[in-house]
Amino acid sequence: MLSSRAARAAARGFAFPLCFPAALCCALLSCRAHAQEAVGAPIVVTASRSEQALGDALPSVTVITREDIETTQSRDLAELLGRQAGIEFARSGGQGAQTSLFLRGANSNQVLVLVDGVRLNSVLDGAANLGGIATDSIERIEIARGNLSSLYGSEAIGGVVQIFTRGGAHPGADALVEAGQGHTRDASLSATTMVADAILSASLGYRSQQAISAIDVAQVPFINPSLDGNWNRNGALRLEQHGATGDFSAWAWGNRNDTDWDDPFNSSPPTIPTSAATQIEHASLYGYGLSGAPRFGNSQIRLSASETHDNSVNVSNVPNDVSGSDNDNNQFFSHTRQIALQDTTTLAPGIDATAGWEHLDQYGASTSYDPSGNNQLTEFSRQVNSFWMGTNGRLGSQQWQLNVRHDRYSDFGSATTGLIGWGWWFDPSWKLTAQASTAFRAPSFNDLYYPLYGNPALQPERARSEELGLRWAQGSASASAALFRNRVSDLIQSLAPSYVATNVGHAAMDGAELQAAATMGSLRLGGSLSLDRPRDLDTGLPLVRRASYSARVSAGYVHGAWSASADLQRTGARNDYQILSGALVQLPAYDLARLALQYAVSSRLQLHLRMENLFNASYQLVDGYNTLPRMIIGGIEAKL
């Protein structure tokens, strides 16, 4: 039975799905990037690992620009991604808390996240740690949906999210300060300057918030009821040079995230009441690298070297609690070195061929891996060598993409994946697409080596998918529809009574996505509808924390010195595990609305105001964990 709060949340928006299809048919659109296909189409690289116009990409791709981020005043990466078609996220509490990202129903460890072409997924659990990433240092995001292991290897079952750090084409600086409810404090500074004929860009950001207690006291009465805070610092530095003979870039970025969290299973001693027990996670996520891409006739060869780190330490005021011993209860360290070489050759106008090699050194260490249980830091490592090749192009009304990749791991063996895609422009405004592909996910170190439950004999998870799409674009309007079918076998699961990880699971993710876009003068309208059926094929049950549908509408308007952006989304009911008992429960559907306003005092000074959760919806993304109430935040931005 639903709680009264959950029942109210379910009742508030029951009519929304009924009116949404009509709005979608009227060409309301969710992402300005689609409209840009017809007017100055942006260049994307994620869908094929080579530059192509957005309208020429065969996989479904969404581009989020820096202008989109600023117009919508989106400060949190997970929330920004959660407003895109086919994407959901689940967060255990407020800003900075542990976050899972689902793309087309795939698990978080089946979605590959890249930063400037470098893998962000942790080798420990296979997922990218997105909970504490702010948008301050982000220039652009490309979301490519569907199986793309034939381009990127492990984890790219649901798709690839690629983040590009801040850069700039013209010298200048920008400063932003915000404050609001929930002890919210935001500040950021970015600057671009010329160094000889190269561009140097830098950005810094700070965010803090202390708005809610992570866990609902009504569901866990003995939990610490105090407000849980988050403190985030981030920055990026980029030096790049572009010329007729090639490109060069060097970059570094970092993110430090300190977050309070509550443990519902913390067994505190009599000297520390359970309600006073506190934990804090100190997490750091950072990377650096360089790349060069000289041109030789019709070929461009890109060589890159990079390194990423994902580290966290959990500290508790409860000695000898269930999560560890003393005060440094758990330590987690993930480290990846990556070297890649790729050649892209233009065989004929509009036809490219690519081939590449990549080497990864992956290291993972944790106190949880200590087989003696003495909380000693224990390390594992592996090496990965990968080769891939492919071609994409267009002749007349016909378009294609072919890719094949082979990945060899030092710990479990190898995996070979492929993709075949086809597009037909049967009218200048209409394109029909079809795609079939295979993908895999390598076992994480948690899967392989966790004491008592890990299994070094594990094989990778395997996936195959098919997709059919239809796209239309004319002037400043566009629309697209996609039907997809994804089957995953050899899923790694830990089943009773032993709970040892084994390759026994089977899952299916079937669905459809509808998107539309139109710009009419100063007015932008938008919408998307995602219909998903992610389920466990062995039990028939829906996969947890994933809804069967989500619908979004948005509007943007500019008039003189004023601009406004509004979003409304409806997300369906989802299954989850009850926070204490682990029994299967259903989280009700919910509606979210947000509004962002800007007023230009001058060409260099703007006032900002945004309202998150405009109608103060009460809902949960993870059972037992609170979400943010209505938040009103204002600020000022100066362009220097």
Side-chain angles (χ1 to χ4, degrees), residues 2-3 5-21 23-24 30 60 62 78-92 98-108 110-111 130 143 145 157-159 161 481-486 488 507-515 527-537 539-554 567-579 584-594 613 615 617-628:
L2 297 179
S3 67
R5 185 176 68 171
R8 290 196 303 271
R12 267 195 293 267
F14 75 97
F16 182 57
L18 301 180
C19 67
F20 181 78
L24 186 66
S30 63
S60 173
T62 293
E79 293 176 359
L80 174 62
L81 293 175
R83 295 197 293 271
Q84 310 307 314
I87 296 184
E88 292 182 81
F89 76 96
R91 175 177 284 165
S92 302
Q98 181 180 355
T99 302
S100 299
L101 185 73
F102 309 113
L103 179 51
R104 285 191 170 178
N107 294 332
S108 281
Q110 296 171 338
V111 179
L130 303 180
I143 303 167
R145 301 171 181 85
I157 291 178
V161 176
L483 298 173
F484 60 89
R485 178 182 183 273
N486 201 352
V488 183
M509 288 85 80
D510 302 328
E513 292 164 355
L514 303 175
Q515 300 181 72
S528 67
L529 176 64
S530 300
L531 304 172
D532 296 313
R533 197 178 167 222
R535 62 198 186 277
D536 186 321
L537 289 177
T539 65
L541 294 173
L543 299 181
V544 297
R545 299 177 186 171
R546 275 150 279 193
S548 60
Y549 72 89
S550 61
R552 299 174 177 90
V553 291
S554 65
D567 296 274
L568 176 64
Q569 70 180 65
R570 166 81 168 178
T571 301
R574 296 130 292 128
N575 281 358
D576 199 5
Y577 298 112
Q578 205 277 336
I579 186 171
L584 202 62
V585 296
Q586 187 178 80
L587 303 178
Y590 65 92
D591 300 323
L592 279 182
R594 69 189 306 273
N613 193 0
F615 301 126
S618 181
Y619 66 103
Q620 290 186 339
L621 298 174
V622 178
D623 185 73
Y625 286 87
N626 293 315
T627 53
L628 294 173

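Heavy-atom contacts from other residues, nucleotides or ligands closer than 6.0 Å to CD of Q98 number 12 or fewer.
Smallest separation of non-hydrogen atoms from S108 and L101: OG-N, 2.6 Å. Nearest approach of R552 to G82, heavy atoms of both residues: NH2-O, 2.5 Å. Nearest heavy-atom pair, L587 versus L621, reported as atom, atom and distance to 0.1 Å: CD1-O, 3.7 Å. The two atoms that bring S92 and V622 nearest to each other are OG-CG2, 4.0 Å, heavy atoms only. Here the closest heavy-atom approach between residue G86 and residue E513 is recorded as CA-OE2, 3.6 Å. What you find for A573 and Q586 is that their closest heavy atoms are CB-CD, 3.8 Å.
Scored by the salt bridge (charged side-chain N to carboxylate O under 4.0 Å, His left out) test, E79 finds R91 as partners (sequence neighbours excluded). Scanning for side-chain hydrogen bond (donor to acceptor under 3.5 Å, both in side chains) contacts around R485 gives E466, with sequence neighbours left out.
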Going through the distances and angles, do L584 and Y577 end up as a side-chain contact (heavy atoms from CB on, under 4.5 Å)?
CA-CA 5 Å; L584 202 62; Y577 298 112; 3.8 Å; yes
Working for side-chain contact (heavy atoms from CB on, under 4.5 Å), residues F484 and D532
CA-CA 9 Å; F484 60 89; D532 296 313; 3.2 Å; yes
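In this structure, E88 contributes its side chain and A547 its backbone to a donor-acceptor pair below 3.5 Å. Remark: the backbone N or O of Y619 is paired with a side-chain donor or acceptor of T627 at under 3.5 angstrom. Counting only distance, with no hydrogens or angles, the side chain of T571 and the backbone of Y590 share no donor-acceptor pair below 3.5 Å. For the pair R545 (side chain) and S100 (backbone), a donor-acceptor distance under 3.5 Å is absent. Distance alone, capped at 3.5 Å, is enough to place a donor-acceptor pair between the N613 side chain and the L628 backbone. In this structure, R535 contributes its side chain and L543 its backbone to no donor-acceptor pair below 3.5 Å. Checking side-chain atoms of D623 against main-chain N and O of D576 turns up no donor-acceptor pair under 3.5 Å.
One finds the CZ atom of R104 at 10.5 Å from the CD1 atom of I87 (value rounded to the nearest 0.5 Å). To the nearest 0.5 angstrom, L483 atom CG is 10.0 Å from D510 atom CG. The distance from the CG atom of L529 to the OG atom of S550 is 7.5 Å, given to the nearest 0.5 Å. Between the CD atom of Q620 and the CZ atom of R574 there is a distance of 9.0 Å, given to the nearest 0.5 Å. Here the CD atom belonging to Q515 is positioned 8.5 Å from the CD atom belonging to Q84, to the nearest 0.5 angstrom.
If you check the side chains of R83 and S528, you find no donor sitting under 3.5 Å from an acceptor.
At a threshold of 4.5 Å between non-hydrogen side-chain atoms, the residues F89 and L81 do not count as touching. The shortest side-chain heavy-atom distance between T62 and R145 falls under the 4.5 Å cut-off. Here the side chains of N107 and M509 are not in contact, with every heavy-atom distance at 4.5 Å or above.
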